[in-house]
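Comments concern the structure below.
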Amino acid sequence: MDKESAETKQVVIIGGGPAGYTAALYAARANLSPVVLTGSTIGGQLSLTSEIENFPGFPESLGGMDLMDRMREQAERFGAVMKYEEVVSVDFEPGAHRIRTDRSEYTAKTAVISTGSSPRLLNVPGEDTFFGRGVSTCATCDGAFYRDRKVAVVGGGDSAMEEGLFLTRFASQVWIIHRRNELRASRIMQERALEHPKIAFQWGSVVDEVLGDATAGVTGVRVRELETDRVRVLDAEGLFIAIGHTPNTGLFRDKLDLDEQGYILTDRRQRTSVPGVFAGGDVQDHVYRQAITAAGTGCAAAMEAEKYIAGNGG
Ligand code: NAP
């Protein structure tokens with residue numbers, strides 16, 4: 001273990017998305033020399049988002065990666081240290097939390113967890129086989145492969161509308177497959193998708209199977225209308241799954257109190273069930289899940305960590 005890792009840290013932040021970087025900014029400005037263990041998805045899910053139109057202060061919109069780079073640079077400017085290490089296990093002991101990574105081990109007075117969430121999958125035949133070869137959870141990453149080709153998106157929320165609209169830049173046709181007859185997405189996103197000439201909706205329908213072959217990848221999507229059981233094969237060459245997320249809390253099972261969906265339970269001050277361990281962002285929020293709310297709870301978590309270290313926190 002290197003010398004730096006052997007010292008007890010004031011604050012170790014697990015996860016480098018908007019919550020983690022904002023926690024790092026506030027902890028650094030409070031002179032707590034935070035270490036951020038970013039893992040491999042640097043910048044979190046936001047870095048995979050094409051365009052952010054609703055982060056206050058950026059009326060002209062900006063790219064997700066750009067926003068995350070700016071947040072990271074701002075935290076580093078005040079002394080936050082980024083470590084691109086993956087956490088493999090944690091042992092939370094009030095006063096000396098131990099966090100092991102693939103390369104090192106850290107002891108910290110306080111920890112802020114901001115590990116976010118990951119896209120949910122359908123669990124249908126073909127999904128696994130063709131993942132990365134036509135099946136994707138990220139239009140920003142893979143959309144450009146589908147120039148003048150047909151694609152399908154599953155889901156009825158904002159993410160599905162966003163993915164579908166983004167894909168219209170490349171694809172000749174975009175189907176949005178939704179299990180109900182009514183969308184969950186916000187009004188503005190619904191309107192944009194419903195009005196788009198390249199987008200067609202498959203209402204009240206589910207994906208039964210992803211079809212394809214070893215050389216071509218995905219060649220079609222078998223869709224079933226729930227009310228009639230009628231089956232149709234869409235000749236889509238790409239399937240983008242946008243049906244929500246599950247929290248990245250595998251490391252914290254049996255270590256912290258989680259809700260029935262696996263999200264970390266926090267109180268109104270971002271405190272978890274273990275003193276000195278705080279959480280912010282999507283890992284503890286399945287309601288709002290916005291960059292701005294993640295940044296806000298990350299900020300609160302760092303401020304609470306500061307109070308805890310100073311002996312004023314619960
Ligand atoms: P979401 O709002 O939870 O929507 C998930 C969608 O997937 C729902 O329509 C749901 O159907 C469907 N679904 C879930 N499980 C399914 C399954 N097994 N098979 C088929 N369909 C399934 O998730 P989200 O769209 O990722 O959005 C999450 C949050 O992020 C929301 O608060 C959203 O507003 C926010 N967000 C905002 C923006 C933006 O502002 N531009 C962009 C992206 C996300 P039902 O409707 O039937 O439940």
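What you see is a predicted model; the values in this text were computed from it and never measured. Remember, it's 1-based here, ligands and their atoms both numbered in the order they're listed.
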Open item on the list: What I want to find out is whether R289 reaches D285 closely enough, with some N-O distance under 4.0 Å, to be called a salt bridge.
Closed with: no

- [ ] Specify the protein heavy atom at minimum distance from atom 23 (O) of ligand 1: its residue, its atom name, and the distance to 0.1 Å.
- [x] G244 CA, 3.8 Å

TODO: Output the list of atoms in ligand 1 that are nearer than 4.0 Å to some heavy atom of H178, sorted by atom number.
DONE: 9 (O), 11 (O), 45 (P), 46 (O), 47 (O)

Open item on the list: Check this for me: L194, atom CG, are more than 12 non-hydrogen atoms of other residues, nucleotides or ligands nearer than 6.0 Å?
Closed with: yes

TODO: With the side chain counted from C-beta on, respond yes when I177 and L234 share a heavy-atom pair under 4.5 Å apart, and no when they do not.
DONE: yes

Open item on the list: Give me the nearest non-hydrogen protein atom to atom 39 (C) of ligand 1 as residue plus atom name, then the distance to 0.1 Å.
Closed with: N54 ND2, 3.9 Å

Task: Parallel, tilted or perpendicular, as decided by the 30° and 60° cut-offs, for the rings of F58 and F55 - done: tilted

Open item on the list: So is E182 touching ligand 1 or not, going by heavy atoms under 4.0 Å?
Closed with: no

- [ ] Taking the side chain as every heavy atom from C-beta outward, state whether N54 and I52 have any atom pair closer than 4.5 Å.
- [x] yes

Open item on the list: If the cut-off is 4.0 Å to any non-hydrogen atom of H245, which atoms of ligand 1 fall inside it?
Closed with: 26 (O)

- [ ] Considering heavy atoms of the protein only, find what lies nearest to atom 1 (P) of ligand 1 and give residue, atom and distance to 0.1 Å.
- [x] R184 CD, 3.9 Å

Task: Atoms of ligand 1, numbered as shown, that sit under 4.0 Å from any heavy atom of Y288 - done: 32 (O)

Open item on the list: Using 30° and 60° as the class boundaries, would you call the ring planes of F252 and F92 parallel, tilted or perpendicular?
Closed with: parallel

Task: Top protein contact for atom 18 (N) of ligand 1, by heavy-atom distance - done: I243 CD1, 3.8 Å

- [ ] Around atom 9 (O) of ligand 1, find the nearest protein heavy atom and jot down its residue, atom name and distance.
- [x] G156 N, 3.0 Å

Task: Closest approach of H245 to S117 (non-hydrogen atoms, all atoms of both residues) - done: CB-OG, 3.4 Å

Task: Protein contact of atom 11 (O) of ligand 1 - nearest heavy atom, named by residue and atom, plus distance - done: R179 NE, 3.1 Å

Open item on the list: Only heavy atoms of R180, strictly under 4.0 Å: list the atoms of ligand 1 that pass.
Closed with: 45 (P), 46 (O), 47 (O)

Open item on the list: Main chain of G281, side chain of T297: is a donor-acceptor contact present, judged purely on distance under 3.5 Å?
Closed with: yes

Open item on the list: On a heavy-atom basis, I'd like to know which of S159, P119, A185, A291 is closest to atom 26 (O) of ligand 1.
Closed with: S159

Task: Distance filter under 4.0 Å to V287 heavy atoms, resulting ligand 1 atoms - done: 32 (O)

TODO: Find all atoms of ligand 1 within a distance of less than 4.0 Å from any non-hydrogen atom belonging to R120, and give their numbers and elements.
DONE: 14 (C), 15 (N)

